[in-house]
Amino acid sequence: MTEERRFPDFEQKWQKVWAENRKPAAGEPGRKTDRDFYILSMFPYPSGRLHFGHALPYTLTDSIARYKRMCGCNVLNPMGWDAFGLPAENAAVEAVRRGEKNVHPARTTYESIEAMRKQMHAFGYSFDWDREVYTCKPDYYRWTQWLFLKMYEKGIAYRKKARVNWCPDCKTTLANEQVETHVKDGEEFQACFRCGTPVEPREIDAWFLAITRYADRLLRGLDELQSTWPELVTSQQRNWIGRSEGVNIDFTIELRAGASGSGPLKPPGENDPNTQREKLTVFTTRADTTFGVTYVAIAPEHPLVDRILKLVDARTHRRIAEFVKETLSMTEQDRASGDEKEGVATGMFAVNPLSGEKVPVFVANYVLMYGTGAVMAVPAHDERDHEFAREYRLPMKQVIKPAPGSDEKADIKQEAYTAQGVLVDSGPYTGLTSAEAIARIGADLAARGAGGPVVNYKLRDWGISRQRYWGCPIPIIHCPACGVVPVPEKDLPVALPDDVDFLPTGRSPLTDHPAFRSVKCPGCGADARRDTDTMDTFVDSSWYFLRYTDARNDKAIFDPHKAARWSPVNLYVGGREHAILHLIYARFFNMFVHDLGLTAHNEPFARLYAHGLIQGESRRVVTDEMDRYVTEDELKKLLDSGKVEPGQVVRRIEKMSKSKLNGADPTALVRQFGADAVRLTILFLGPAEADSVWDDDGIKGPYNFLRRWHDLVLSSAPLVEDLPPMAPGAAINAAAKKLRHAAHSLIEKAVGEFEGRFALNTVIAKAMELVNEIRAFIAAENLAGPCKGDNDPTVPSRRALAEAFDILARCMAPFAPHTAEECFHALGGKVSVFDAGWPKADPAALVLDEIELPVQVNGKVRGTIKLPSSADKAAMEKLALENENVKRFVEGKAIQKLIVVPGKIINVVAR
RNA sequence: GCGGAGGUGGCGGAACGGCAGACGCGCUGGACUUAGGAUCCAGUGGGGAAACCCGUGCGGGUUCAAAUCCCGCCCUCCGCACCA
């Protein structure tokens, strides 16, 4: 779309005026009221370029924030930068490798921030820049470190050697949440969420945050959010936390020297002098199947494996050791996605505490270090055990049969019967239902001290150590004498040094910075070393919403009274990709801060709005010579030249990305069409929670609308200048009433959406209708030239027109702030449209004098009738039955029923 | 397999028990123009000359009335997935 006119040319003018007159949110300490509104969009990583992934949420929140301010609310709508992180470091690494000088992640980061802030200004976003935070600045990360120390104090932050996911490309570890399942050539593998490289397991000393201690609270908190957070997010979090209720059962394992896993599995005789008895606890959700146990399987990581290895014969030792080594060379997730269930018999036996039976113990790859890392295997009633038992020809024993009256069949030779039912062959529990048996067995075991009911979670503790440079240093000192020593609070922040060789080696870059690394132990004064890992950047972003409430505080993380003024965030807007990661971490941090007594709320975000993705159409050309993505222009050339047939082009809707050449640049569009047109287009695309596809032509509608509105204002301004008051008793005509109706319904519609589900596309549509109405009205009323004084008969119409323009400008101000301001002033506005306040709908204007009603005969519309909106039922019925077409369809039939829904419809039921 | 979202004109989408397709794009015709890829006006779900008929993934049901509610399927997208 080309455009010769320079429209609009007033956006920068208003941006300047607003910048000078901006009133910041009043964040003084005090109690939060209904008029205080904290709206927040997830802060961006400073990539240097504002894309649609930013423009959509920021446009949405800016519109809502502007609306709320016009309603008289005290609105907090801050912006900041999630500024630590690998992309900047990786870019710097690349630049160094290219031979560039003066390269530093800090530099790229700050340059990116400058560029993006400029782009945000061009959009007219009204953020509270005086509260801007950068997670990479010491005045911010000082408090990230402070939180870490508090967590250390409370035992939430702890250090352990653990098998972690390692990304060989990023050369750092990843949290469980940061590992994704990818598929390539039909093979599933676990990959880094950032770069897609397959991850490897690594044994490493690392810091963990005990988020699992909050598992139950995180889960229960979701109930509170049920109606204000998308189901999509709460259900994913529930799933991720993965609470399961079950029973721990203590088997007794008989550890026997010289045991062999080869040959037939025969339990040792009684009173074997070489036997040590030990507890082997298994976790099960199906305690009702305990009499069906035919073997016990333990995870390769299980602590007993080492004990067993020391006892078994040489051959068994070799087999187990090899098997464990091989299994552990895979990540846990890769092991899970492998289709073969494998295991090795240990030659040891375990005693079932309920049945007294002795069953063999296996090490098996399908058993995870979850629960107790050991399971009782019931092939008859568990698919996995069934598969394993079939593979290794282990016995199966049915102990559950379908409940009486159920038409299910249980053929355990074919497949496991996993449904609940009634117990058989289960000693004293025979005849009980599964549910009864689970409860009874749990209670009995607890009474005997051999286990009992427990709750397990899938959620794991959060590993936060990262072996990279551009992150928040961990405020810990390792002293040869004192061990792990926290940095004293007064020494915070532990500053990240600038002069670091950050080329990745697999070792933390800070390790090779002697001045940083060497330190005296704060406890004993001995030579010690700092922890040289940095924190996962998700730590930085887990509490920034609290810092905004008191962003310039250099004495404390924030003033609890100021936080109380704003917390919780009324509306948090962000992408669905954060459904688990950021949103569970942030909830966890908020709960922790709450426990420190610093905030009143358990949950940080009262309402969550998950916006969709703006995608682009990609064009991929696949021929014998090439297989790659092309731009639209390039494609056109290829097609015109005949080098490519239309059949060789694959068009797909995909997430916008550089490599797919399907991204549109919102800032370029702002330059071409103006910020308001782009803002409107983004919101007009559809409801913001849905994914949508960007099409450059889509800007035409909103752009034309803005231009037509503005043109109309300029050409009509004389019509509504200096209007005298309405003469007493003067009435407005039907057309003017219709216009008022359109204008006041726009107010109603906008309020409904801003206070409801944010389907702002329908508000914009309504505004477009109003512009169309205004145009039609001016034409129909023959209004021309200025008003001719008090006795001009067109005064009522002119007043209605002026009112419509006024309402239009004020209702559109949140969406298209520049155009609204310009139009408002062109029509004589003396203050900013944003100070004019939100218009109030006149209930009288919302009622039409005359309405049209459809009349149905047997559910099909056969005519419409016009009648005064005040008409009573009897009048409606009369008119309906007098309608010629209705008569035609009723003729010869008896009217059985007459349904009259006032204001909606009339249905004549005739047979 | 489990969980979530969705399926409406040529397209984006409205309507969440009451005239299906608001609004916009595109398209068709017209006006103005040296010109139109600008602007304005009119039309635009399909079929039919019309009266009308048919239409919201498919099949049932409830109702005077169903895109909307209920039951049973199909398809698409997203997330999780050996968690015992």
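Hydrogens, waters and symmetry mates are skipped; everything else that's a heavy atom, side chains included, is used. Reminder, nothing fancy here: chain letters follow the sequence lines and each chain counts from 1.
Applying the 4.0 Å criterion to OP1 and OP2 of B:rC80, one finds that A:Arg238 has every side-chain N and O outside that range. Using a 4.0 Å cut-off, some side-chain N or O of A:Arg707 falls inside it from OP1 or OP2 of B:rU39. Proximity of A:Lys700 to the phosphate of B:rC25: no side-chain N or O atom is located under 4.0 Å from OP1 or OP2. For A:Asn704 and B:rU39, the shortest distance from a side-chain N or O to OP1 or OP2 is below 4.0 Å. Taking 4.0 angstrom as the limit, A:Thr762 places none of its side-chain polar atoms (N or O) nearer than this to OP1 or OP2 of B:rC23. Distances shown here put every side-chain N or O of A:Tyr366 at or beyond 4.0 Å from the OP1 or OP2 atom of B:rA84. Distances shorter than 4.0 Å separate none of the side-chain N or O atoms of A:Asn456 from OP1 or OP2 on B:rA84. For B:rC40, one of the phosphate oxygens OP1 or OP2 lies less than 4.0 angstrom from a side-chain nitrogen or oxygen of A:Arg708.
Taking atom CZ of residue A:Phe193 and atom C1' of nucleotide B:rC78, one finds them 19 Å apart after rounding to whole Å. Look at CG on A:Asn858: it is 16 Å from C1' on B:rC19, rounded to the nearest Å. Taking atom NZ on A:Lys766 and atom P on B:rA22, their separation rounds to 13 Å, with Å as the unit. Residue A:Lys860 contributes atom NZ, which lies 12 Å from atom P of B:rA65 at whole-angstrom precision. Taking atom CG on A:Asp691 and atom P on B:rG7, their separation rounds to 13 Å, with Å as the unit. As rounded to whole Å, 16 Å separates atom C1' of B:rC77 from atom CD of A:Glu689. Taking atom CG of residue A:Leu706 and atom P of nucleotide B:rC23, one finds them 18 Å apart after rounding to whole Å. Atoms CD1 (A:Ile580) and C1' (B:rA81) sit 12 Å apart, rounded to a whole Å.
Note on A:Glu383: nothing from the nucleic acid sits closer than 4.0 angstrom, heavy atoms only. At the heavy-atom level, A:Lys458 lies under 4.0 Å from base atoms of the strands shown. Contacts of A:Val375 with the nucleic acid, taken as non-hydrogen atoms under 4.0 Å apart, include base atoms. Nucleic acid contact class of A:Arg911 (heavy atoms, under 4.0 Å, all strands): none. Residue contacts for A:Ile899: at a heavy-atom cut-off of 4.0 Å it reaches a base atom on one of the strands shown. Note on A:Asn885: only backbone sugar-phosphate atoms sit closer than 4.0 angstrom, heavy atoms only; bases stay farther off. Here A:Val908 lies out of heavy-atom contact (under 4.0 Å) with every strand. At a threshold of 4.0 angstrom between heavy atoms, the contacts of A:Val901 include nucleobase atoms, whether or not backbone atoms are also involved. Residue contacts shown for A:Arg243 are absent, as no nucleic acid heavy atom lies under 4.0 Å away. At the heavy-atom level, A:Asn761 lies under 4.0 Å from the strands shown only through sugar-phosphate atoms. Nucleic acid contact for A:Pro687: sugar-phosphate only, since backbone atoms but no base atoms lie under 4.0 Å from a heavy atom of the residue. If you check every strand for non-hydrogen atoms under 4.0 Å, A:Asn772 touches sugar and phosphate atoms only.
Listed nucleotides: B:rG79, B:rC64, B:rC52. Nearest to the side chain of A:Arg862: B:rC52. Comparing B:rC64, B:rA84, B:rA20 against the side chain of A:Leu368 picks out B:rA84 as the nearest. Residue A:Tyr370 has its side chain nearest to B:rA84 when only B:rC82, B:rC23, B:rA84 are considered. For A:Phe684, the side-chain atoms get nearest to B:rG12 when compared with the rest of B:rA84, B:rG12, B:rG18.
Taking 4.0 Å as the cut-off between side-chain N and carboxylate O, A:Asp676 and A:Arg707 do not count as a salt-bridged pair. Look at A:Asp385 and A:Arg286 and you find no salt bridge, because none of the NZ, NE, NH1 or NH2 atoms lies under 4.0 Å from a carboxylate O.
When the P atom is compared between B:rA49 and B:rG59, the two are found 28 Å apart, to the nearest whole Å. Comparing the P positions of B:rU56 and B:rC41 gives a spacing of 34 Å, expressed to the nearest Å. Only the P atoms considered, B:rG61 is 15 Å distant from B:rA67, to the nearest whole Å. Between the P atoms of B:rC16 and B:rC23, the separation comes to 16 Å (whole Å). If you take atom C1' in B:rU34 and the same atom in B:rC53, they sit 50 Å apart, rounded to whole Å. As rounded to the nearest Å, B:rC73 and B:rU8 have P atoms that lie 22 Å from one another. Nucleotides B:rA22 and B:rG9 are separated by 13 Å at their P atoms, to the nearest Å. Here the separation of B:rC75 from B:rA66, taken at their C1' atoms, is 22 Å to the nearest Å.
With a cut-off of 3.5 Å on both Watson-Crick or G-U wobble distances, the partner of B:rU44 is given as B:rG26. With a cut-off of 3.5 Å on both Watson-Crick or G-U wobble distances, the partner of B:rU63 is given as none. Using N1 to N3 plus N6-O4 or O6-N4 for Watson-Crick, or N1-O2 and O6-N3 for G-U wobble, each under 3.5 Å, B:rC2 pairs with B:rG79. In this structure, B:rA49 makes no Watson-Crick or G-U wobble pair, since no nucleotide meets both defining distances under 3.5 angstrom. Remark: B:rU33 base-pairs with no nucleotide; criterion is Watson-Crick or G-U wobble with both hydrogen-bond distances under 3.5 Å. Nucleotide B:rU56: unpaired (no Watson-Crick or G-U wobble partner with both distances less than 3.5 Å).
Residues A:Asn662 and A:Glu617 have side chains not in contact (no heavy-atom distance under 4.5 Å, counting atoms from C-beta outward). Between A:Glu654 and A:Gln615, the closest side-chain pair of non-hydrogen atoms is not below 4.5 Å. Using a 4.5 Å cut-off on side-chain heavy atoms (C-beta onward), A:Gln190 and A:Asn165 make no contact. A:Glu383 places none of its side-chain heavy atoms less than 4.5 Å from the side chain of A:Glu415.
For A:Arg576 and A:Ile905, each mapped to the nucleotide of RNA chain B holding its nearest heavy atom, the one lying further toward the 5' end belongs to A:Ile905. Nearest-nucleotide positions on RNA chain B place A:Glu231 closer to the 5' end than the other of A:Gly859 and A:Glu231.
A donor-acceptor contact under 3.5 angstrom links the side chains of A:Asp250 and A:Thr281, judged on distance only.
With hydrogens and angles ignored, a donor-acceptor pair closer than 3.5 Å exists between the side chain of A:Asn907 and the base of B:rC64. No N or O donor and acceptor, one from the side chain of A:Lys904 and one from the base of B:rC19, sit under 3.5 Å apart.
Residue A:Lys887 qualifies as enclosed at atom NZ: its count of foreign heavy atoms under 6.0 Å is above 12. More than 12 heavy-atom neighbours from other residues, nucleotides or ligands sit within 6.0 angstrom of CD on A:Glu577.
Test A:Glu301, A:Arg163, A:Arg460 against A:Met369 for side-chain contact (heavy atoms from CB on, under 4.5 Å) and you get one pass: A:Glu301.
Glycosidic torsion of B:rG61 falls outside 90° of 0, placing the base in anti.
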